[in-house]
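Take a look at the structure set out below.
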Amino acid sequence: MHAVVLAHEVDWQGFRAAVRKLAVAGVAPEHVVWSVREADDLFAQDPPPEAVGGFVLPRNLVSLAETVIQARDPSRFALLYRLIWRAHRGERHVLERITDPDVDRARRLAQSIRRDTHKMRAFVRFRVVRDGGLTRHVAWFEPQHFIVESNAGFFIRRFAGMKWSILTPYRSAHWDGQELCFTEGARPSDVPDDDQLAEYWRVYFASIFNPARLKVGAMQSEMPRKYWKNLPEAAAIPELVAGAAARTQAMIEQPRLSDPLPSGRRRVVAPRANSAWGQAVQDAKGCRRCEIHRHATQIVFGEGPLDAAIMLIGEQPGDHEDIAGKPFVGPAGQLLDQALAEAGLDRAALYVTNAVKHFKYVSRGRRRLHARPDAGEIQACRWWLDIERAEIAPRMTVLLGASAGEAVLGRKVEVLRERGVAMNLADGLAVLTVHPSFLLRLPDEAARRREYAAFVADLRLVARLAGPISAGKEN
Ligand code: URA
């Protein structure tokens, strides 16, 4: 009998080396006992025999094994070695036997790990810890499988500017901006309690929560209860759910763009379920039309009712939007929301998107600084903007800044000279105005006040022009 003791739960290097030696030496799976070294393991391992001869495995089996080794299942090493043994002994297409119990088990484990990975990427919530002059972000997460190691790279890329620790019961990952390291598991009490960032997530969740679309079952399957205790925004769920019916009623009663047509007919508010549109949204996730996608976390597609009468087009997602996957949720978005409200426009009734759908930035140390998309990138992304404009077919398009102007008008624009007047497009009206980030960059308070008022005035014009056309597209 051969005993293999791996260094830790996802010791892929150790597993691979042992498998190679065992298989090449002809040691059958039933003669191998696998385990993982305990911190205080005193037993010396019986090393596998030395490898002789060649050892080549099918690529799909290697990739399945790399995933399945993360399963929280002590029998996974033996399972994988059985499959590898069979492939090594001539069953090269072993994974195609989908009814085979070992193949089926391995595939199910891989699927469960992928699901767990998705949950970890969606539900890790950092809290700010201030240690002397240093700021660190710490998160507690309880994965089902051993997935911290394989996901650390994702969090490094996504939170490029942060120093963070992700603590889990079995292992903790730490990124100091330069180096990644792993330490022992931790306890929930190792993460400090409440803070600003938790508050941010609560406000964010409350703002994206749509009571009219509440489906408690679907919500729980997307955000399972077991994660709630670590999600600051989950504290808001019971209250939001309890108030959903009343808020929906209030939304229905509120006068808005979807109010009765002059003829007394009601505009159709529900999104027109359209499979071509659904397919486009799906396809956009894999967009490689220009190089920007390489460094962005995800595509940020437009958002809002598909029958919106007004479409707002910004430039491109920023740092916050890149993380949240939604347009205009960061500082520029907050300013935009405020200005829209002052102009009497309800953001929930508008379709909001960007000329360019991936975040383009330059790294400065740990910060990701916005970089303006060039004409080629705007042109490449017009593919998606055209699909959105064809689907939404807005009566009024608001162009926020030069990139949006260029994308829709097909020429360079001078925003400060051309702003605030209605332009006739082939398919509706457009108003060009400044981008909210322009207001955020203004150096002094007086200029900010003046320009903000001008911005609101432009949006009021949009609201006025949208008035007579706000009765909907069936008009
Ligand atoms: N700036 C934009 O142009 N779009 C966003 O979504 C956010 C900031």
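Ligands are counted one by one from 1 in listed order, and the atoms in each one are counted from 1 as well. Because the structure is a prediction, the values reported are computed rather than measured.
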Problem set entry | Aromatic Phe154 / basic Arg121 pairing, under 6.0 angstrom, 45° off normal | yes

Exercise. Is there a heavy atom of His435 sitting under 4.0 angstrom from any atom of ligand 1?
Worked result: yes

Exercise. So which bit of Glu315 gets within less than 4.0 Å of ligand 1, heavy atoms only: side chain, backbone, both or neither?
Worked result: both

Seminar exercise, completed: Under 4.0 Å from one or more heavy atoms of Gly314, ligand 1 contributes atoms 3 (O)

Please list every donor-acceptor pair under 3.5 Å in which a side-chain atom of residues 396-406 meets a protein atom from a residue at least two apart or in another chain.
unit_1, atom_1, unit_2, atom_2, d
Ser403, OG, Glu315, OE2, 2.9
Glu406, OE1, Lys412, NZ, 3.2
Glu406, OE2, Lys412, NZ, 3.3

For this session: Please check if the side chain of Arg136 supplies one atom and the backbone of Lys163 the other of a donor-acceptor pair under 3.5 Å.
Result: no

Exercise. Closest non-hydrogen protein atom to atom 6 (O) of ligand 1, residue and atom name please, with distance?
Worked result: Phe328 N, 2.8 Å

Problem set entry | Residue and atom name of the nearest protein heavy atom (relative to atom 5 (C) of ligand 1), distance in Å to one decimal | Gln316 O, 3.4 Å

Exercise. Given the side-chain rings of Phe141 and Phe123, with only the six-membered ring counted for Trp, is the space between their centroids under 6.0 Å?
Worked result: no

Seminar exercise, completed: atom 4 (N) of ligand 1: closest protein heavy atom, distance to 0.1 Å, is Asn354 OD1, 2.7 Å

For this session: For residues His435 and Phe328, establish whether the separation of their ring centroids is below 6.0 Å.
Result: yes

